[in-house]
Amino acid sequence: MNLHEFQGKEILNSYGVNIQRGYVATTPDEAVAAAEKLQAETGTGWWVVKAQVHAGGRGKGGGVKLAKSLDEVRERAAQIIGMDLVTPQTSAAGKRVHQVLIAEDVYYPGPSETNEIYMSVLLNRQKGCNMIMYSTEGGMDIEEVAEKTPHLIFTEDIDPKTGLLPFQARRIAFNLGMEGAAFKEMVKFVTSLYNAYDGIDASLFEINPVLKTSDDKVLAVDAKVSLDDNGLFRHKDYAAMRDIREEDPTEVEAGDAGLNFVKLDGNVGCMVNGAGLAMATMDIIKMAGGNPANFLDVGGTADAKRVETGFRIIMQDENVKAILVNIFGGIVRCDRVAQGVVDAYKNIGSINIPIIVRLQGTNAEEAKKIIDESGLKVHSAIQLKEAAQLVKDLVK
């Protein structure tokens, strides 16, 4: 589950991480009120108006603007709220902006220079441990830094049993070129950041940039946070932060129905029971000359209702030219799934694309008989190779 910037900053602040302070607004009037409140608390005379969407690169799309007066705060907020923000991480249609963060200006003059730093905490799957990735080249696309100047990217592997050790935090601060008060601030920042990542069962914390201010403070100017869905039962307060407006509607609908669904950009819909079999099915579709339109795992207890829901979700994608149902009957009986396919087909009543059903396992032959005798335009298969050939022929 992804969080908005302001939500991520709230969590960071609760763990002792210094942040760029700000308030959320949903209208231009609220934006001005937030700016006035921020000015009274911090003394800031300039503000940053930031679109709150689940996507990076907001500044490149016009979703981050500086305001040097309250009138400009109102103007900038009016421009951003309601816009369809297109960034390198969104589709061509962009994402609708429903709210903005009015943040304090932290790039003020002082005795030393400001430094922008990239820092993220994530899982190193190859080594089976957590990892802090960081670079002195903050404020830029980390992919570009990795491509052009890979020597400027550092990593620190962290044993989850011991957590971040003090010498590791100091090494990170040293590699970032911190000295004096800034060194101590960075050690504290890194330690608190890792504690936040570990404490909330996050799968990603990305801060770009972490700012070393002109008076040697270290704070998070941005916050991209992803939570591990499997840990949300322990964090009901964080689960309540979910903003379904930022998610694909079909994925939300599938989640509510207990289905694991991810929308892709292909032309063959697939409905499978089991994640591993779903991945193999997607491979078969590619090998047969098609492109998967989705990942849909109906689970090991697929019944008529779940199958019908799966069909309805797949059919919402206009690009789908065929549907491959691939069920292995272990816990679930294939004949029950077959009857569910027939019932779903009749109930929906408007399926005008080919459906290929491959059922293998418990009662597979009985299932094939049900499909063949249904009188519907459903093509049955026993072998995976046979199903793949049907997909190839029918899509063409």
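Ion pairing between a basic and an acidic side chain is recognised when a charged N comes within 4.0 Å of a carboxylate O; Lys369 and Glu365 show no such pairing. Between Arg171 and Glu156, at least one side-chain N (NZ, or NE/NH1/NH2) sits under 4.0 Å from a carboxylate O, which counts as a salt bridge. A salt bridge between Glu185 and Lys217 is absent, with no side-chain N of the basic residue lying under 4.0 Å from a carboxylate O of the acidic one. Between Glu116 and Lys212 there is no salt bridge, since no side-chain N of the basic residue sits under 4.0 Å from a carboxylate O of the acidic one. Using a 4.0 Å cut-off between a side-chain N of Lys or Arg and a carboxylate O of Asp or Glu, Arg76 and Glu72 qualify as a salt bridge.
Residue-environment remark: CG (Asp265) stays at or below the threshold of 12 foreign heavy atoms within 6.0 Å. Heavy-atom contacts from other residues, nucleotides or ligands closer than 6.0 Å to CD1 of Ile244 number 12 or fewer.
Ile323 has its side chain within reach of Ile353: a pair of non-hydrogen atoms, C-beta onward, lies under 4.5 Å apart. Within the 4.5 Å cutoff, the side chain of Leu204 has no heavy atoms near those of the Val121 side chain. No side-chain heavy atom of Asn208 sits less than 4.5 Å from a side-chain heavy atom of Met119.
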* Take Phe311 and Ile313 through the test side chain to side chain contact (heavy atoms under 4.5 Å, CB included) and record every step on the way to the result. => CA-CA 5 Å; Phe311 271 120; Ile313 290 172; over 6 Å; no
* Candidate pair Asn294 and Cys270, rule side chain to side chain contact (heavy atoms under 4.5 Å, CB included), full reasoning -> CA-CA 6 Å; Asn294 64 270; Cys270 53; 4.0 Å; yes
* To do: Could you give me the CA-CA distance, side-chain angles and deciding distance for Met178 and Lys184, then say whether side chain to side chain contact (heavy atoms under 4.5 Å, CB included) is met?
  => CA-CA 8 Å; Met178 299 292 109; Lys184 295 179 180 179; over 6 Å; no
* To do: Go through Glu206 and Tyr118 one step at a time and tell me if the side-chain hydrogen bond (donor to acceptor under 3.5 Å, both in side chains) criterion holds.
  => CA-CA 8 Å; Glu206 184 178 58; Tyr118 172 90; 2.6 Å; yes
* **Ser203/Asp228 under side-chain hydrogen bond (donor to acceptor under 3.5 Å, both in side chains): CA gap, chis, key distance, verdict** => CA-CA 5 Å; Ser203 57; Asp228 187 340; over 6 Å; no
* Working for side chain to side chain contact (heavy atoms under 4.5 Å, CB included), residues Ile370 and Val342 -> CA-CA 8 Å; Ile370 291 173; Val342 174; 4.1 Å; yes
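Scanning all heavy atoms of the two residues, the minimum distance from Phe295 to Met282 falls at CD1-SD, 3.7 Å. Heavy atoms only, all atoms of each residue included: Ser135 and Ile142 are closest at CB-CD1, 4.3 Å. Residues Ser374 and Ile371 come closest through the heavy atom pair OG-O, 2.7 Å. In this structure, Leu12 and Leu193 approach most closely via the heavy-atom pair CD2-CD1, 3.6 Å. Taking both residues in full, the closest heavy atoms of Ser214 and Pro111 are given as O-CD, 3.3 Å, listed atom of the first, atom of the second, then distance. In plain terms, the two heavy atoms of Ser112 and Asp216 that are nearest each other are OG-OD1, 3.3 Å.
Side-chain contact check for Asn130 and Tyr194: at least one donor-acceptor pair (N or O, by modelled atom type) lies under 3.5 Å. If you check the side chains of Asp29 and Thr27, you find no donor sitting under 3.5 Å from an acceptor. Asp343 and Gln339 are linked by a side-chain donor-acceptor pair at a separation below 3.5 angstrom, with hydrogens and angles left out of the test. Of the N and O atoms on the side chains of Thr44 and Asp105, not one donor lies less than 3.5 Å from an acceptor on the other residue. Side chain to side chain, Asp157 and Asn124 meet the donor-acceptor criterion of an N or O pair below 3.5 Å. Side-chain contact check for Glu5 and Gln52: at least one donor-acceptor pair (N or O, by modelled atom type) lies under 3.5 Å. Residues Ser226 and Asn2 bring a donor and an acceptor atom of their side chains to less than 3.5 Å of each other. Side chains of Gln316 and Glu253: a donor-acceptor N/O pair is present below 3.5 angstrom, by distance only. Inspection of the Thr250 and Asp317 side chains reveals no N or O donor paired with an N or O acceptor under 3.5 Å.
Of the possible polar contacts, one joining the Asp229 side chain to the Met1 backbone as a donor-acceptor pair under 3.5 Å is found. Between the side chain of Asp215 and the backbone N or O of Gly110, no donor-acceptor pair lies under 3.5 Å. Checked by atom type and distance alone, the side chain of Glu75 never pairs as donor or acceptor with a backbone atom of Asp71 at under 3.5 Å. Side chain of Gln7 to main chain of Met241: a donor-acceptor pair is present (N/O by atom type, distance under 3.5 Å, no hydrogens or angles). Using a distance-only test at 3.5 Å, with no hydrogens or angles considered, no donor-acceptor pair links the side chain of Glu251 to the main chain of Asp248.
Grouping Ile, Leu, Val, Met, Phe, Trp and Tyr by side-chain contacts under 4.5 Å, direct or through others, puts Leu101 with Phe6, Val24.
A continuous path of Ile, Leu, Val, Met, Phe, Trp and Tyr side chains, each step under 4.5 Å between heavy atoms, connects Phe174 with Val190, placing both in one hydrophobic cluster. Tracing side-chain contacts under 4.5 Å through hydrophobic residues (I, L, V, M, F, W, Y), one reaches Val378 starting from Val325; they form part of the same cluster. When hydrophobic clusters are built by joining Ile, Leu, Val, Met, Phe, Trp and Tyr residues whose side-chain heavy atoms come closer than 4.5 Å, directly or via intermediates, Leu259 is grouped together with Ile327. A continuous path of hydrophobic side-chain contacts links Val17 to Val210 [ILVMFWY only; heavy atoms under 4.5 Å]. There is a path of hydrophobic side-chain contacts, each under 4.5 Å, that joins Val320 to Ile355.
Ring orientation note: the planes of Tyr134 and Phe154 are close to parallel, at an angle under 30° on the 30°/60° scale.
Note: Thr191 OG1 to Leu165 CG = 10.0 Å, rounded to the nearest 0.5 Å. To the nearest 0.5 Å, atoms CG (Leu227) and CZ (Arg234) are separated by 12.0 Å. In this structure, CG on Leu176 lies 5.0 Å from CD1 on Ile117, to the nearest 0.5 angstrom. The distance from atom CG of Asn18 to atom CG of Leu211, rounded to the nearest 0.5 Å, is 11.0 Å. Of the inter-residue distances, the one linking Leu70 atom CG with Arg74 atom CZ reads 8.5 Å to the nearest 0.5 angstrom. Rounded to the nearest 0.5 angstrom, Met271 CE and Thr309 OG1 are separated by 9.0 Å.
Cation-pi contact between Lys224 and Phe205: absent, since separation from the ring centre below 6.0 Å together with deviation from the ring axis within 45° is not met.
Looking at Arg58, Lys50, Lys9 one by one, the single match for salt bridge (charged side-chain N to carboxylate O under 4.0 Å, His left out) with Asp222 turns out to be Arg58. The salt bridge (charged side-chain N to carboxylate O under 4.0 Å, His left out) test with Arg21 is passed by exactly one of Glu41, Glu10, Glu104: Glu104.
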Give every donor-acceptor pair under 3.5 Å between a side-chain atom in residues 78-89 and any protein atom, sequence neighbours left out.
unit_1, atom_1, unit_2, atom_2, d
Asp84, OD1, Arg96, NE, 2.5
Asp84, OD1, Arg96, NH2, 3.2
Asp84, OD2, Arg96, NH2, 3.3
Thr87, OG1, Gly56, O, 2.8
Thr87, OG1, Gln89, N, 3.0
Gln89, OE1, Gly56, N, 2.9

